[in-house]
Amino acid sequence: MTVRLRFAPSPTGYLHIGGARTALFGWMFARRFGGQFILRIEDTDQKREVPGAVDNIMASMRWLGINWDEGPDVGGPYGPYVQTERAPLYQEWAHWLVENGYAYKCFATPEELEEMRVALQAKGDMSGYDRRYRDYPAEKVAELEAQGKPYVVRFKMPLTGVTVVEDMIRGAVTFENSQLTDYVLLKSNGLPTYHLAHVIDDHFMKISHITRGDEWLSTAPLHFQLWQAFGWERPYYAHMPVILNPSGKGKLSKRTQSFVDGQWQVLVRVEEFEEQGYLPQAVDNFIANVGWSSGDDQEIFTIDEVTPRFDLRDVNPSPTSLPYAKLDWINGQHIQQMDPLDLAKAIKPFLEAAGYEVNIDALLAVVPAMRVRLKRLTEAADFLHFLFADDETFSLTAVDLTHKQLPLDTAVAGYSQVRDFVQSTPVYDLETISQRVTAIGESVTTSGKAGPFLGKLRLAVTGQQVSPPVFESMLALGRTRTVARLNQVLQVLESEQQAAAGE
RNA sequence: GCCCUCAUCGUCUAGGGGACCAGGACGUAAGCCUUUCAAGCUUAAAACCGGAGUUCGAAUCUCCGUGAGGGCACCA
């Protein structure tokens, strides 16, 4: 069997991280079995449509590396891939259902429906519809139609018995038909509801597998009944478990943008992950590892490496939250594995956004040294602030620049020796810096170890607690600027010395 | 209210009747290493929701509770 799996978002704005996971799992499944992955736009609710949403969703999918074989932009043999462009098809089949006794026209007005809802609710019935037009006499239907009364088409749900929904993740799920209502298939504006549209499209697009959110499981019996009524071969359904808020309260899909939950900044749109400096391969890794695991204990992987092992049947049915606490670590791991040039290219836009003019070559000189400490691309601007900022004054105090193993007097000696060395050395390269500065450091601390001095030197030269390694930083800065910074620091310390002496 | 789903360390997970005094990862703590940050390495604390069954044996199967989540639109 050829796998043809579709992902069908609604153009209501952006790609949600949960939707991205549904898409990614579908994509992995299709690729694993050598099938096709199809993108279809479900825009039958025109009220909720947001301009530009389709492009935005496609951009996020592409960023994540989820490509499609057929879709609204690339076309394909079963198009169009946008539902509103297929309206006549749905109308035709809705009427086929009516003519064959599987559905009926319902003329209830919104006011009538509202009354019904209230009356039924009083009896504890939340279905909202009492089936009053289900067996309406044909003459009367014709009469109302002749008067031009608007109507919807509703499915004639079996009143008794049971519908068994086969789900790839959960297995068989049984529903009592008596619990189900006569859902609307075709709205009075002539457009179909999701229920009708997806069945017709999946059939005519020869879809074999569907990944969709768990919220569809409760209407799945309707969908199964529809397949049966049409007499078409039904695709396999996989209902993805819901993603919860990190606090475990409520589902994440209700959130439309990033928010703070406890100590975590929770990102929800794929574009937010990009803005916050996460790599697409890290985001893929992050979402692929919840609700599914690679089978061994491998935590860091690329999608390509793990796709051959992927199966929708292995997806864990329990709802979960995304482990945001792992995200920075995962991203850092992927950054470490990156080629320096690729990393420099990835960092560049973030530096530019911070207002630094950079060229790739200058970046390449420092990127390898800072790679291991970078968790998010956005941090690069902070790390490299010392290099690119025009403002070279850091507000460091004597306390910042000394250490219990590095008292004031020897600190002054140490910084000035380093300055003199930088100024006068004939060769200014990594090895020379490393040798000389380490030696100075050892001579200047009470323990005879360079460590404490070098830690403070980092601060003196870069103004930062965390930075690329000191020697690399000094090299990247160049002699003139390094000397200038050391002089600055010496000024602070010397005035501290005078103050102490004056007392 | 009704229907449906789910339930292992704080979090993400492995586990499909004996290989489990439950394994991995993040985070946390301690130590090592080091250009005292970061990274890396080592160690530690930390879980089978509760109760009944089935079975020689249950984290694993069944039932009941409890808890959490989803659904009950002319939205998807």
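Below, chains carry the letters A, B, ... as their sequence lines are ordered, and counting in each starts from 1.
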Donor-acceptor pairs under 3.5 angstrom involving side-chain atoms of residues 164-176 of chain A: please list them, not counting sequence neighbours.
residue: A/Asp167; atom: OD1; partner: A/His239; partner atom: N; Å: 2.8
residue: A/Asp167; atom: OD1; partner: A/His239; partner atom: ND1; Å: 2.9
residue: A/Asp167; atom: OD2; partner: A/Ile169; partner atom: N; Å: 3.2
residue: A/Asp167; atom: OD2; partner: A/Arg170; partner atom: N; Å: 2.7
residue: A/Asp167; atom: OD2; partner: A/Arg170; partner atom: NE; Å: 3.1
residue: A/Arg170; atom: NH1; partner: A/Asp214; partner atom: OD1; Å: 3.3
residue: A/Arg170; atom: NH2; partner: A/His239; partner atom: O; Å: 2.4

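- Aromatic ring centres of A/Phe310 and A/Phe25 lie closer together than 6.0 Å.
- We find that CH2 of A/Trp329 is positioned 17 Å from P of B/A38, with the value rounded to whole Å.
- Mapping A/Leu322 and A/Gln298 onto RNA chain B via the closest heavy atom, the residue that lands nearer the 5' end is A/Leu322.
- Contacts between residues 235-243 of chain A and RNA chain B, counted as heavy-atom distances below 4.0 Å, involve A/Val242.
- Comparing B/A25 with B/A76, their P atoms sit 46 Å apart, to the nearest whole Å.
- Taking atom C1' on both nucleotides, B/G18 is separated from B/A52 by 23 Å, rounded to a whole Å.
- Put simply, the side chain of A/Thr462 gets close to the backbone of A/Gln464: a donor and an acceptor are under 3.5 Å apart.
- Contact annotation for A/Lys456: no contact, since no heavy-atom pair falls under 4.0 Å across all strands.
- Pair assignment for B/A7 gives B/U66, based on Watson-Crick or G-U wobble hydrogen-bonding distances that are each under 3.5 Å.
- Between the A/Asn285 side chain and the A/Glu299 main chain, a donor and an acceptor come within less than 3.5 Å of each other.
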For nucleotides 28-35 of chain B, which of its nitrogen or oxygen atoms have a protein nitrogen or oxygen under 3.5 Å away, and what is each distance?
residue: B/U35; atom: O2; partner: A/Val470; partner atom: N; Å: 3.2

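- Taking a pair to require two hydrogen-bonding distances under 3.5 Å in either a Watson-Crick or a G-U wobble arrangement, B/A14 remains unpaired.
- A/Glu145 has a carboxylate O that lies under 4.0 Å from a charged side-chain N of A/Lys105, or vice versa, which qualifies the two as a salt bridge.
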Point to revise | Derivation and outcome, ring-ring contact (aromatic ring centres under 6.0 Å, His included), residues A/Phe107 and A/Tyr136 | key: CA-CA 10 Å; A/Phe107 296 86; A/Tyr136 215 55; 7.2 Å; no
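- Using a cutoff of 4.0 Å between basic side-chain nitrogens and carboxylate oxygens, A/Glu42 and A/Arg40 are scored as salt-bridged.
- The shortest non-hydrogen separation linking A/Leu24 to A/Ile303 is CD2-CD1, 4.0 Å.
- Dashed line: the shortest gap from a side-chain N or O of A/Lys123 to OP1 or OP2 of B/C2 is not under 4.0 Å.
- At the heavy-atom level, A/Gln435 lies nowhere under 4.0 Å from the strands shown.
- When the C1' atom is used for both B/G71 and B/U8, the distance is 27 Å, rounded to whole Å.
- Taking the six-membered ring where the residue is Trp, the centroids of A/Trp216 and A/Tyr194 are separated by under 6.0 Å.
- Looking at A/Arg313 and A/Asp311, a side-chain N of the basic residue comes within less than 4.0 Å of a carboxylate O on the acidic one, giving a salt bridge.
- Using atom C1' as the reference point in both B/G31 and B/A68, the two lie 40 Å apart (nearest Å).
- Nearest-nucleotide positions on RNA chain B for A/Lys375 and A/Lys254 put A/Lys375 closer to the 5' end.
- Of the N and O atoms on the side chains of A/Gln298 and A/Glu305, at least one donor lies less than 3.5 Å from an acceptor on the other residue.
- Annotation: B/C2 and B/G16 have their C1' atoms spaced 33 Å apart (nearest Å).
- Ion pair A/Asp296/A/Arg309 flagged as a salt bridge, since at least one NZ, NE, NH1 or NH2 atom sits closer than 4.0 Å to an Asp/Glu carboxylate oxygen.
- In this entry B/G27 has no Watson-Crick or G-U wobble partner, no candidate having both defining distances under 3.5 Å.
- Annotation: B/C21 and B/A58 have their P atoms spaced 13 Å apart (nearest Å).
- Distances shorter than 4.0 Å separate none of the side-chain N or O atoms of A/Lys326 from OP1 or OP2 on B/U13.
- For B/G65 and B/G23, the C1' atoms lie 31 Å apart once the distance is rounded to whole Å.
- If you check B/C2 for Watson-Crick or wobble pairing at under 3.5 angstrom, you find it paired to B/G71.
- Heavy atoms of A/Asn316 sit under 4.0 angstrom from primed sugar atoms or phosphate atoms, though from no base atom.
- For the contact set between residues 169-179 of chain A and RNA chain B, defined by any heavy atom under 4.0 Å, the members are A/Arg170, A/Val173, A/Thr174, A/Phe175, A/Gln179.
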N/O contacts under 3.5 Å, protein versus nucleotides 73-76 of chain B?
residue: B/A73; atom: OP2; partner: A/Met126; partner atom: O; Å: 3.4
residue: B/C74; atom: O2; partner: A/Ser188; partner atom: N; Å: 2.8
residue: B/C74; atom: O2; partner: A/Ser188; partner atom: OG; Å: 2.7
residue: B/C74; atom: N3; partner: A/Ser188; partner atom: OG; Å: 2.9
residue: B/C74; atom: N4; partner: A/Ala108; partner atom: O; Å: 3.2
residue: B/C75; atom: OP2; partner: A/Lys187; partner atom: NZ; Å: 3.1
residue: B/C75; atom: O2'; partner: A/Asp45; partner atom: OD2; Å: 2.7
residue: B/C75; atom: O2'; partner: A/Arg48; partner atom: NE; Å: 3.4
residue: B/C75; atom: O2; partner: A/Arg48; partner atom: NH1; Å: 3.2
residue: B/A76; atom: OP1; partner: A/Thr44; partner atom: OG1; Å: 2.8
residue: B/A76; atom: OP1; partner: A/Lys187; partner atom: NZ; Å: 2.8
residue: B/A76; atom: OP2; partner: A/Tyr194; partner atom: N; Å: 3.2
residue: B/A76; atom: O4'; partner: A/Arg48; partner atom: NH2; Å: 3.3
residue: B/A76; atom: O3'; partner: A/Ser10; partner atom: OG; Å: 2.9
residue: B/A76; atom: O3'; partner: A/Glu42; partner atom: OE1; Å: 3.3
residue: B/A76; atom: O2'; partner: A/Ser10; partner atom: OG; Å: 2.5

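- Nearest to the side chain of A/Ala325, among B/C26, B/A7, B/U13, sits B/C26.
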Which pairs, protein N/O on one side and nucleotides 42-51 of chain B N/O on the other, fall under 3.5 Å?
none

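- To the nearest angstrom, P of B/U13 lies 15 Å from CD1 of A/Ile300.
- When only modelled atom types and interatomic distance are considered, A/Gln225 and A/Thr163 share a side-chain donor-acceptor pair under 3.5 Å.
- Counting only N and O atoms by type, the side chains of A/Thr378 and A/Gln276 include no donor and acceptor under 3.5 Å apart.
- Within 4.0 Å (heavy atoms only), A/Gly213 reaches no atom of the nucleic acid at all.
- Here A/Tyr104 and A/Phe155 keep their ring centres 6.0 angstrom or further from each other.
- Side-chain atoms of A/Tyr133 and A/Asp182 include no donor-acceptor pair closer than 3.5 Å.
- With both pairing distances under 3.5 Å, B/A38 is matched to nothing as a Watson-Crick or G-U wobble pair.
- With C1' as the reference atom, B/C26 and B/A14 are 15 Å apart, rounded to whole Å.
- In this structure B/C61 sits in a base pair with B/G53, meeting the Watson-Crick or G-U test at under 3.5 Å.
- For the pair A/Thr211 (side chain) and A/Thr22 (backbone), a donor-acceptor distance under 3.5 Å is present.
- Separation of atoms CG (A/Leu384) and CD (A/Glu379) is listed at 11.0 Å; rounding is to 0.5 Å.
- Atom CG of A/Leu222 and atom P of B/C72 are 12 Å apart (whole Å).
- Between A/Tyr415 and A/Phe453, the gap from one ring centroid to the other is short of 6.0 Å.
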